[in-house]
Amino acid sequence: MKRLGILISGRGSNFEAIAENVASGALGVLGVEIAVVISNRAEARGLEAALARGMNAVCLPSKGLDREVYDRMLVAELHKHDVDLVCLAGFMRLLSAGFIREFPNRILNIHPSLLPAFPGLDAQHQALAHGVKITGCTVHFVDEDLDAGPIVIQAAVPVLDDDTEETLSARILKQEHRIYAEAIGIVIAGKYRVEGRRVLLT
Ligand code: GAR
């Protein structure tokens with residue numbers, strides 16, 4: 001199980017961090033390949049980055065399409081590229097039950113908070129608004145509920161008194177780039193088991 005399908009909607013910095021790790025880090029040593037990068041938005045910067053790296057980059061616009069119909073298109077594209085593990089990297093859409101059934105325990109997501117705190121949109125804004133002193137990021141398996149599947153890795157990030165959404169997001173993003181590749185490595189190497197909600201490293 002080594003072929004990644006990466007789904008993005010925008011900037012694509014998590015995709016790029018994964019690509020760097022595949023090119024010259026632990027994921028490369030494990031023989032991981034990025035089979036395809038798919039964006040649901042044509043203007044996503046990550047698509048250009050994928051093309052510049054000579055990767056398969058596919059734009060599948062989702063606007064105006066029924067969720068089930070769109071997800072079937074996504075699934076077909078991922079199977080076409082023989083994808084083993086799907087990585088959501090700033091992919092700002094909910095996945096249908098049909099999609100999730102196609103890749104059981106083989107979809108990962110990164111979220112910029114310590115889940116279950118602050119799911120959904122604008123997690124960094126939510127953290128500042130709530131006044132927490134520590135937030136962070138989470139890589140988790142995707143199930144049918146929003147930002148809710150079993151957690152593979154988390155990293156904590158302190159909230160500083162003079163933080164703005166931008167400065168806090170930037171510090172969280174650094175940790176996202178580190179833990180996403182690490183989580184993918186654990187899953188690809190099969191060095192884990194899932195017991196209920198817990199992902200235990202083996
Ligand atoms: C990242 O901070 C990611 O955690 C977040 O979107 C950003 C995408 O950045 N995802 C979510 O909020 C999902 N609920 P990127 O396109 O540069 O990787």
Side-chain angles (χ1 to χ4, degrees), residues 4-23 25 27 34 36-53 55 57-62 67 70-71 74 85-96 99-100 107-130 132 134-159 163-184 187:
L4 306 185
I6 301 191
L7 305 189
I8 63 170
S9 296
R11 182 177 53 188
S13 74
N14 275 291
F15 149 61
E16 292 221 68
I18 295 165
E20 285 298 317
N21 201 297
V22 166
L27 293 180
I34 297 179
V36 65
V37 178
I38 304 174
S39 171
N40 68 316
R41 291 195 189 129
E43 64 277 16
R45 265 199 283 149
L47 270 184
E48 285 163 42
L51 284 173
R53 287 173 185 271
M55 292 176 175
V58 176
C59 177
L60 277 185
S62 55
R67 187 175 308 283
Y70 182 72
D71 281 9
L74 267 184
L85 180 67
V86 179
C87 299
L88 310 185
F91 186 65
M92 300 314 234
R93 281 179 63 80
L94 279 176
L95 294 173
S96 62
F99 185 106
I100 290 161
I107 310 169
L108 291 175
N109 182 42
I110 182 122
H111 184 77
S113 75
L114 291 176
L115 290 171
F118 315 130
L121 292 176
D122 299 326
Q124 304 93 332
H125 174 81
Q126 292 185 56
L128 281 175
H130 197 88
V132 294
I134 296 174
T135 183
C137 48
T138 303
V139 179
H140 64 94
F141 285 106
V142 173
D143 63 15
E144 292 179 24
D145 299 315
L146 176 68
D147 296 333
I151 291 168
V152 184
I153 305 187
Q154 293 185 303
V157 173
V159 180
D163 260 335
T164 62
E165 215 174 303
E166 288 66 39
T167 58
L168 179 60
S169 299
R171 282 207 317 291
I172 295 173
L173 195 62
K174 256 193 170 165
Q175 298 303 315
E176 293 185 38
H177 294 167
R178 182 177 64 79
I179 68 170
Y180 210 170
E182 199 180 328
I184 291 168
V187 173

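In each ligand, atom 1 is the first atom listed, and ligand 1 is the first ligand listed. Hydrogens, waters and symmetry mates play no part in the numbers below; they use all other heavy atoms, side chains included.
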Partners passing side-chain hydrogen bond (donor to acceptor under 3.5 Å, both in side chains) against E20 (at least two apart in sequence or in another chain): R53

So which protein heavy atom does [atom] come closest to, and at what separation?
atom: atom 2 (O) of ligand 1; answer: E176 OE2, 2.9 Å
atom: atom 15 (P) of ligand 1; answer: S13 N, 3.4 Å
atom: atom 16 (O) of ligand 1; answer: G12 N, 2.7 Å
atom: atom 6 (O) of ligand 1; answer: G90 CA, 3.9 Å
atom: atom 9 (O) of ligand 1; answer: R11 NH2, 3.1 Å
atom: atom 12 (O) of ligand 1; answer: P112 CD, 3.4 Å
atom: atom 14 (N) of ligand 1; answer: H111 ND1, 3.1 Å

Do other residues, nucleotides or ligands put more than 12 heavy atoms under 6.0 Å from R45 CZ? no

If we only consider heavy atoms of I8, is any one of them less than 4.0 Å away from an atom in ligand 1? no

Can E16 be said to touch ligand 1, with heavy atoms closer than 4.0 Å? no

Hey, is the main chain of P119 close enough, under 3.5 Å, to the side chain of Q126 for a donor-acceptor pair? yes

Answer yes or no: is there a donor N or O on one side and an acceptor on the other, between the side chain of Q154 and the main chain of L115, under 3.5 Å? yes

N/O to N/O below 3.5 Å, does that happen between N109 and ligand 1? no

Is there a polar contact, in the sense of an N or O pair closer than 3.5 Å, between F15 and ligand 1? no

Heavy-atom proximity to atom 18 (O) of ligand 1 ranks first, among N14, I172, D147, D122, for N14

Extract all donor-acceptor atom pairs below 3.5 Å that involve side chains of residues 141-149 and protein atoms in other chains or at least two apart in sequence.
unit_1	atom_1	unit_2	atom_2	d
D143	OD1	D145	N	3.0
D147	OD1	N109	ND2	3.4
D147	OD2	H111	ND1	3.4
D147	OD2	G120	N	2.8

[atom1] of [X] to [atom2] of [Y]: how many Å apart, nearest 0.5 Å?
X: L95; Y: L88; atom1: CG; atom2: CG; answer: 5.5 Å
X: T138; Y: E176; atom1: OG1; atom2: CD; answer: 9.5 Å
X: C87; Y: I6; atom1: SG; atom2: CD1; answer: 5.5 Å

